[in-house]
Amino acid sequence: INLFSIVTFCGHILFMRLNLLLLDWEITELSNVQNIIYVTATGMECIVVSIILYKWKSIFSSIKINRLKRMSKSTNR
């Protein structure tokens, strides 16, 4: 399972609720245009959060690798 699938599975309901709250819309009264905006915004939020988590993970893993390299250099002396 990739990161996007996990974010979408765990986060889409939260994002949908948040969008309804922020836009002050009622789910039972959405027009076709509002529904398209609602679903598109939720999908884009899932993509953005996936990208942020992926970048964050790669930043921290590179910091950890650099720290390990420095530690190994200091013990080799």
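As a basis for the values below, the full set of heavy atoms in this structure was taken, side chains included, without hydrogen atoms, waters or symmetry mates.
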Taking transitive links into account, so neighbours of neighbours count too, which hydrophobic residues share a cluster with [X] at under 4.5 Å side-chain distance?
X: Leu30; result: Met16, Leu20, Leu23, Trp25, Ile27, Val33, Ile37, Tyr38, Val39
X: Phe4; result: Ile47, Ile51
X: Leu22; result: Leu18
X: Ile52; result: Val48

Could you pull out all residues at least two apart from Glu29 that satisfy side-chain contact (heavy atoms from CB on, under 4.5 Å)?
-> Glu26

side-chain hydrogen bond (donor to acceptor under 3.5 Å, both in side chains) with Asn2: which residues, sequence neighbours excluded?
-> Ser5

Which atoms form the tightest heavy-atom contact between Phe15 and Val7, and what is the distance?
-> CE1-CG1, 4.5 Å

Could you state the interatomic distance from CG (Leu14) to SG (Cys46), rounded to the nearest 0.5 Å?
-> 9.5 Å

For residues 7-20, which residue pairs qualify under side chain to side chain donor-acceptor pair (under 3.5 Å), counting only residues two or more places apart or in two chains?
-> Asn19-Thr42, Asn19-Glu45

